[in-house]
Amino acid sequence: MVSREPLVCVDDVRRLCADAVGQRGVNNLRRTLRFVRDGARSPMETAFFLMLLFPRRFGGEGIESLEMAYRIEVAGEACLLTRRSHFECDAYLPQAKVDLEYNGILHEEEGQIAVDVERANALEAMGYRMMTITRQSFFDGEAFGRLMRAIERRSGHRQVRVDSDFLKRQEELRRFMLRRYLAESGVTDDEAGALEEMA
């Protein structure tokens with residue numbers, strides 16, 4: 001994975017919309033911007049973030065207060081628990097102080113496992129909680145659903161009844177987000193939870 005500065009940021013697109021009033025498609029672009037955040041580092045992190053951010057009518061959790069790439073400075077006794085000076089959250093629930101992390105294949109390497117454990121311990125020492133979704137649980141519809149319900153409870157939002165229509169929309173959205181990976185893998189839906197080599 002290679003990090004680089006983004007070619008464009010959300011504020012750039014907002015300025016473009018302001019300058020392009022009346023142009024074809026600009027209203028759609030402006031409406032879409034409410035679901036766009038700076039700081040995405042990978043397609044899978046972005047897909048996970050959007051599952052949490054999108055409105056419930058689309059199958060998302062509708063957590064609009066969600067922040068991407070939120071920076072937490074390591075302080076106090078937590079400095080003794082990690083080699084890092086700060087953490088960046090894939091998705092952050094500010095009202096609950098919960099760091100939501102997508103752990104892809106790189107997190108399965110032995111050295112990275114130790115770093116991830118240090119992160120969880122340091123965050124806990126500073127009063128934060130970390131919840132993790134692995135690539136396996138993202139590809140497993142039932143495991144993913146359980147995690148979404150847990151995040152929903154943690155989010156502090158008013159509890160919304162989860163009915164079969166919503167669960168169907170959420171599963172359709174999950175499969176849409178993963179469509180390229182599912183197609184490339186050549187696996188059936190039943191096999192999706194057992195994927196071994198997805199990024």
Side-chain angles (χ1 to χ4, degrees), residues 1-3 6 10 32-72 87-109 112-113 115-117 119-120 123 128-157 160 162 166-185 187 189 191-199:
M1 186 172 115
V2 177
S3 295
V10 176
T32 302
L33 275 176
R34 67 185 272 221
F35 306 118
V36 180
R37 301 289 191 275
D38 290 322
R41 290 176 296 203
S42 79
M44 293 298 286
E45 286 178 14
T46 302
F48 174 50
F49 188 90
L50 290 175
M51 290 293 306
L52 298 168
L53 181 64
F54 276 173
R56 293 180 70 85
R57 70 180 181 274
F58 297 143
E61 289 297 328
I63 306 173
E64 292 194 20
S65 61
L66 199 64
E67 296 186 34
M68 179 178 271
Y70 181 83
R71 184 177 171 116
I72 298 174
F87 303 118
E88 281 193 14
C89 306
D90 294 340
Y92 180 67
L93 292 169
Q95 66 276 23
K97 293 183 72 173
V98 175
D99 170 20
L100 302 167
E101 290 296 309
Y102 171 77
N103 283 0
I105 194 168
L106 296 177
H107 290 266
E108 296 172 16
E109 296 175 1
Q112 187 60 43
I113 292 170
V115 171
D116 291 342
V117 170
R119 177 193 183 103
L123 285 171
Y128 296 90
R129 178 162 179 179
M130 191 170 98
M131 295 179 72
T132 303
I133 180 169
T134 64
R135 61 191 177 96
Q136 292 92 343
S137 55
F138 202 172
F139 279 85
D140 181 316
E142 290 185 12
F144 183 76
R146 287 191 295 272
L147 181 67
M148 290 298 99
R149 302 293 72 77
I151 291 171
E152 189 176 83
R153 287 190 295 275
R154 280 275 163 204
S155 71
H157 284 68
V160 179
V162 178
F166 172 73
L167 294 176
K168 181 180 176 186
R169 289 193 306 275
Q170 189 161 75
E171 178 60 11
E172 288 171 353
L173 180 60
R174 184 187 71 86
R175 289 185 190 191
F176 176 79
M177 292 292 184
L178 299 176
R179 66 196 181 282
R180 182 171 65 92
Y181 300 95
L182 293 173
E184 288 176 358
S185 70
V187 299
D189 290 339
E191 298 168 323
L195 288 177
E196 289 299 329
E197 294 300 331
M198 283 294 161

### Task
State, yes or no, whether a side-chain contact exists between L173 and M177 at a heavy-atom distance under 4.5 Å.
yes
### Message
Could you check whether any side-chain heavy atom of R149 comes within less than 4.5 Å of a side-chain heavy atom of L167, counting everything from C-beta outward?
### Response
yes
Rounded to the nearest 0.5 Å, how far does [atom2] of [Y] lie from [atom1] of [X]?
X	Y	atom1	atom2	value
D90	I133	CG	CD1	10.5 Å
E45	L50	CD	CG	12.0 Å
M44	F139	CE	CZ	4.0 Å
F49	F54	CZ	CZ	10.5 Å
L100	I63	CG	CD1	7.5 Å
N103	D116	CG	CG	5.0 Å

Report yes or no: does [X] contribute a side-chain atom to a donor-acceptor pair with the main-chain N or O of [Y] at less than 3.5 Å?
X	Y	value
E61	M51	no
D38	V10	yes
R37	R34	yes

Closest approach of [X] to [Y] (non-hydrogen atoms, all atoms of both residues):
X	Y	value
Y181	P43	OH-CB, 3.3 Å
E142	D140	N-OD1, 3.0 Å
F87	L123	CD1-CD2, 3.8 Å
P55	F35	CD-CE2, 3.5 Å
T46	A40	OG1-CB, 3.3 Å
E67	P94	OE2-CG, 3.7 Å

### Sole residue of L93, D99, I72 in side chain to side chain contact (heavy atoms under 4.5 Å, CB included) with Y128
I72
### Query
Are the charged groups of E171 and R174 less than 4.0 angstrom apart, N to O?
yes
### Message
Can you see whether F176 has R179 sitting over its ring - NZ or CZ less than 6.0 Å from the centre and within 45° of the normal?
### Response
yes
### Query
Under 30°, 30 to 60°, or over 60°: which ring-plane class applies to Y70 and Y92, parallel, tilted or perpendicular?
parallel
### Query
Quick check: are there more than 12 heavy atoms from other residues, nucleotides or ligands sitting under 6.0 Å from NZ of K97?
yes
